[in-house]
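These notes are about the structure you will find just below.
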Amino acid sequence: MERYEPLKIEEKWQKKWEEEKPYKAEIREGVPKKYIAEMFPYPSGAGLHVGHVRNFTIVDVLTRFYEQQRLSVLRPFGYDTFGLPAENYAIKTGTAPQEVTLTNIANFRNQAKRLGFAIDWDREINTSDPEYYKWTQWCFLQLFKKGLAYQKESYQWWCPEDQTVLANEQVENGKCWRCGHEVEKKKMKQWFFKITEYADELLSEIDALDWPDKIKTMQKNWIGKSTGAEIEFKLVTPSFSGRSGEVVSTSLNSITVFTTRPDTIYGATFLVVAPEYAELEYIVSDDARDAVMAYKQSALLKSEIERQENKEKTGVFTGAYALNPATNEKIPIYVADYVLSGYGTGAIMAVPAYDDRDREFAEKFDLPIIEADLCDFGQFGTPKTTYRMRDWLISRQRYWGCPIPIAYDKDGNPHAIPEEQLPVILPDIKDYKPDASGRSALAKAKDWLKVEVPVKDPKTGKIHMEEMTRETDTLDGYACSSWYLWRYVSPHDSEHAWGQEEISYWAPTDIYVGADHAVAHLLYIRFWCKFFADLGYLPFREPIKKLIYHGYINAPDGKKMSKSKGNVIDPLDVVDEGYGADTLRTYEMFIGPVELDAAWDPRSVGGVYRFLNRCFNLAPSEDDSDKTIAIRHKTIKKVTEDIYKCNFNTAVAALMEYVNELYKVGASQEDLVILAKLLKPFAPHLASEMLEKYNSDDEWPKWDEKYLVSDTVEIVVQVNGKLRAKLVVNSDDLEDEDKITEMALSDDKVKKFTSDGVKKTIFVKRAKILNIVV
RNA sequence: GGCCGGGUGGCGGAAUUGGUAUACGCGUUCGACUUAAAAUCGAAUGGGGAAACCCGUACGGGUUCAAGUCCCGUCCCGGCUACCA
């Protein structure tokens, strides 16, 4: 008999798919479409890991499932290539990131092709390709023109190791998400995207998304909407002593606080401002100035870790007072680092009777705690909604990123590079290393820095060319991935970021599969979607209909796979060992529920390999095919419904049951064709081989409910809820409760438990259960 | 500290959402084939017990004819978040 030789079969079919391009996506008017994608990978030098394989296989199962149902399916592939690893490698080895990236892409592509994914390879994109980032720059300019890309000088997270600023989302536990170095705060002028403009819509549309609740909750918390009020507290002169109502006459005469509990204002016994509070120096009294400034300095120097670890309240009295507008009492103003400058107004009214943090502070500094009555605050403040989310900091002082298409005139004002001049090409340089100057290595590309930009004279209206200096910061990599799902619909369009005809057919993405970026990427892409919808470029406001967020695959010891621990499973090794891609893919779908982490189990891989062998070795018998018709239709139904629900593990289990049954009772050719069709999303090479053998197409089979009801049914008989007997009756008898009850009561085993008489019986037809209560 | 998930055989996990607990796979044991081993095929496999039966879904209560599933309390484990006023 012919042996199952996966590597041979797989090579044959991969070659065929390479030549015939059966997975080329085409607009087919009138045919329902599915647009399915994974979060595109960062092509590291290490090649694909088993997590990628899980990610891509989920997409592939769904792609093939819909393709076999003859829907029009778009399943693209691309590479997210800008970022620190390639640049750090360049600094270390002197190899250009451009070159390393292309090598890594080639490796990823070859590996992906060996796993038999149904990808439309003509749509590959690469975010560091000028053809691509030309349009990232175009997107930036649209935001800039609408005032949603702007510069602001403020305290920013700074990673001293990577010599770059970081976004809030890139600081994890006070450490840089890339290198793990403790971050600092540094006052710098930076570029921001005004995502807060869409905070309300980003929040309110979350509920309607078909996304995992976990992700939805995380996004809600990140946006962090709070409703409350802003209340103005008039400043009292620092020298003031006794009479109330006298206010300072400097430019600053009040402090506005934000509170979610304005009704507690009668209990507000002091104010606190953040160390970074902009007007701090106008508040503080001369006596207190030295102490306050010293405190401010020490707070700025403290790393985020130190601030977090030491929750002990610290602070300094500013020597100044304000008037509580409700009580008209004079209350002291403190500066303390438990108040955050970036949230609300950077100042709070402290109500120690109602707020734990304020109470802690009051107790430490011996401030009054008043249990005041709640009130209607209307006369004191104005209602205000505040968000935890800040604007998105998008400039990076690094070389290997998308250049920001901006130039500065001699007065330092930013001007857009005209769209005709795009792309602003990232110049080749030799020395990639950033320095502490706060500028990227691009600052050293002297020739590149100079650019002629057309300027309109405000008086004459005439346009003249003016020499300017280019922006040397590059864009955060998340900018590149905030629109790539739309580029896939027309990846070679040299006139537009995306084509209107293509976008309205394919988009929004129906199913998006990933295991990371719960907040940042998925929030940014929603933000850009709403922005470009407002500009009329997108005919929808949410980019992703359904999100599948799968778990990680850990090492056999349950720990995270890592090179240093030496516990990494290389997926291509699994293939080359002789198991083949079909076993790898099917195993990763069988490994457990899609949303859970799972540990790699080499022995279970063998189990799946045995299963595929059994599929391959099944031969049709001459028997009539009707004896398997019930399980055949049951399996079609189960596998179909499971794939819709993304229960891939139980879908594979159902196929295993089917095969076990076919071994027991014999398989007809019809069984083998159905099996191959159902198996194809998981093990496409083997399934294609089987379908070819039986000269069948791969169209997804349908089940007929009539084959799922058998002539006889099994009735479970319980006594007081405990299983005591099983009756096999004709299906028609299900309607006859009396007959079933009589049969049950005359059963010998049941009789043993019902000798003291029967109180009542409960028959549930749906569950085929009869419970006898004694 | 706050929010959200979870605790089911030796292991990964099933269970039509209140209706036969442990599907499927791994492991283990036995058998067939083999000089032998591997591979393959077949059988068994929650615990206790000769058996009849009893006990079993983290623990303690409750609701119900019926609870892994619902309610109350307790204990663990995981994730996110972390002074957001």
Side-chain angles (χ1 to χ4, degrees), chain A residues 1 3 172-174 212-218 220-222 224-226 228 257-262 264 268 272 274 304 307-308 310-313 336-351 354-358 360-361 386-390 518-519 551 558 587 590-593 595-608 610-611 613-614 617 638 641 647 649-660 663-664 714-726 749 752 759-774:
Chain A
M1 199 209 287
R3 263 182 58 231
E172 294 167 350
N173 265 328
D213 286 337
K214 189 175 93 173
I215 310 298
K216 287 162 65 162
T217 308
M218 281 167 75
K220 280 185 198 169
N221 292 342
W222 184 261
K225 181 178 181 170
S226 296
V257 306
F258 172 75
T259 177
T260 54
R261 293 295 307 277
T264 63
V272 188
E304 194 63 9
R307 278 206 195 183
Q308 276 172 10
N310 188 8
K311 290 259 173 86
E312 177 89 2
K313 295 283 175 291
D337 69 1
Y338 83 93
V339 174
L340 308 175
S341 63
Y343 184 74
T345 61
I348 62 156
M349 65 176 206
V351 187
Y354 288 95
D355 185 281
D356 292 343
R357 298 153 302 187
D358 295 344
E360 227 181 280
F361 192 85
T386 302
Y387 297 91
R388 217 188 73 115
M389 181 170 66
R390 316 289 152 83
V519 174
Y587 169 66
F590 185 61
I591 196 168
E595 69 279 6
L596 297 187
D597 290 353
W600 188 268
D601 180 357
R603 290 183 301 204
S604 287
V605 178
V608 171
R610 274 192 283 280
F611 161 64
N613 259 290
R614 281 161 69 80
N617 291 328
K638 174 76 176 155
E641 291 180 347
N647 294 337
N649 55 332
T650 50
V652 175
L655 290 170
M656 288 172 167
E657 279 186 78
Y658 185 31
V659 169
N660 290 345
Y663 266 86
K664 262 182 209 140
E714 191 181 68
I715 304 278
V716 167
V717 183
Q718 299 177 329
V719 177
N720 284 349
K722 284 190 178 175
L723 173 71
R724 294 302 177 193
K726 291 178 183 178
K749 282 188 86 177
K752 278 176 66 179
K759 279 192 193 135
K760 63 170 170 174
T761 60
I762 291 144
F763 180 61
V764 186
K765 198 170 88 179
R766 172 184 51 85
K768 300 183 196 101
I769 268 192
L770 176 74
N771 193 12
I772 300 165
V773 186
V774 296

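We name chains A, B, ... by the order of the sequence lines, and we start the count at 1 in each one. Just so it is clear, the values below take in all heavy atoms, side chains as well, and ignore hydrogens, waters and symmetry mates.
Base pairing annotation: B/A21 forms no Watson-Crick or G-U wobble pair, as no partner gives both donor-acceptor distances under 3.5 Å. For B/U34, there is no paired nucleotide, since no Watson-Crick or G-U wobble pair has both relevant distances below 3.5 Å. Within the shown strands, B/U45 is the pairing partner of B/G27 under the Watson-Crick or G-U definition, both distances less than 3.5 Å.
Residues A/R614 and A/N660 bring a donor and an acceptor atom of their side chains to less than 3.5 Å of each other.
To the nearest whole angstrom, the two C1' atoms, one in B/A67 and one in B/G19, are 10 Å apart. For B/U57 and B/C11, the P atoms lie 15 Å apart once the distance is rounded to whole Å. Nucleotides B/U17 and B/G31 are separated by 42 Å at their C1' atoms, to the nearest Å. Of the C1' atoms belonging to B/C55 and B/A21, the separation is 14 Å, rounded to the nearest Å. Rounded to whole Å, the C1' atom of B/A44 lies 15 Å from the corresponding atom of B/G9. To the nearest whole angstrom, the two P atoms, one in B/A58 and one in B/U22, are 16 Å apart.
One atom, NZ of A/K216, and another, C1' of B/C3, lie 16 Å apart when rounded to the nearest Å. B/C65 atom C1' lies 11 Å from atom CD1 of A/I769, rounded to whole Å. Nucleotide B/G10 holds its C1' atom 13 Å from the CG atom of A/D601, rounded to whole Å. At whole-Å resolution of the value, CZ in A/F611 and P in B/G12 are 23 Å apart. Remark: C1' of B/C55 and CG of A/L723 are 15 Å apart, rounded to the nearest angstrom. In this structure, CG of A/L340 is placed 10 Å from P of B/A85, rounded to the nearest angstrom.
When the side-chain nitrogen and oxygen atoms of A/N660 are compared with OP1 and OP2 of B/G25, one or more of them lie within a distance under 4.0 Å. Listed pair A/R388 / B/C83 fails the phosphate criterion, with no side-chain N or O lying under 4.0 Å from OP1 or OP2. Between A/N649 and B/G25 there is no side-chain polar atom (N or O) within less than 4.0 angstrom of OP1 or OP2. For the OP1/OP2 pair of B/A23 and a distance below 4.0 Å, the side-chain nitrogens and oxygens of A/T650 include no atom meeting the criterion. Between B/C53 and A/K722, no contact under 4.0 Å exists linking OP1 or OP2 to a side-chain N or O. Put simply, A/R603 has no side-chain N or O that comes within less than 4.0 Å of OP1 or OP2 on B/G12. At B/U20, none of the side-chain N or O atoms of A/R724 fall inside 4.0 Å of OP1 or OP2 (strictly under the cut-off).
Here the side chains of A/Y354 and A/D356 are not in contact, with every heavy-atom distance at 4.5 Å or above. Contact check for A/W600 versus A/V605: side-chain heavy atoms found under the 4.5 Å cut-off.
The residue among A/N771 and A/Y387 whose nearest nucleotide of RNA chain B is located toward the 5' end is A/N771. When each of A/K752 and A/M389 is assigned the nucleotide of RNA chain B with its nearest heavy atom, A/K752 is the one assigned upstream, toward the 5' end.
A/E714 comes within contact range of at least one nucleobase, with a heavy-atom separation under 4.0 Å. Heavy atoms of A/N613 sit nowhere under 4.0 angstrom from any nucleic acid atom. Among the protein residues, A/R766 comes within range of the nucleic acid bases, having at least one heavy atom under 4.0 Å from a base atom. Contact annotation for A/L655: no contact, since no heavy-atom pair falls under 4.0 Å across all strands. Residue contacts for A/G607: at a heavy-atom cut-off of 4.0 Å it reaches the sugar-phosphate backbone alone, with no base atom in range. Looking at heavy-atom distances under 4.0 Å, A/D213 makes no contact with the nucleic acid at all. Residue contacts for A/V773: at a heavy-atom cut-off of 4.0 Å it reaches the sugar-phosphate backbone alone, with no base atom in range. Within the nucleic acid shown, A/K726 comes within 4.0 Å of at least one base atom, counting heavy atoms only.
Each of A/V339, A/D355, A/L340 was checked for a side-chain contact (heavy atoms from CB on, under 4.5 Å) with A/I348, and the lone residue meeting it is A/V339.
In textbook terms, a nucleotide whose glycosidic angle is within 90° of 0 is syn, while B/A36, being further out, is anti. In textbook terms, a nucleotide whose glycosidic angle is within 90° of 0 is syn, while B/U29, being further out, is anti.
The side chain of A/K760 has B/C65 as its nearest neighbour among B/A85, B/G19, B/C65. Of the candidates B/G19, B/C26, B/A43, B/C26 carries the atom nearest the A/S604 side chain, counting heavy atoms from C-beta on. For A/M656, taking side-chain heavy atoms from C-beta onward, the closest of the listed nucleotides B/A85, B/G19, B/G25 is B/G25. Taking every side-chain heavy atom of A/P593 into account, B/G13 is the closest of B/G42, B/A23, B/G13. In the set B/A23, B/A21, B/G13, the nucleotide with an atom closest to the side chain of A/A653 is B/A23.
The cationic atom of A/K313 (NZ for Lys, CZ for Arg) does not lie both less than 6.0 Å from the six-membered ring centre of A/F361 and within 45° of the ring axis.
Put simply, the side chain of A/K214 and the base of B/C80 share no donor and acceptor less than 3.5 Å apart.
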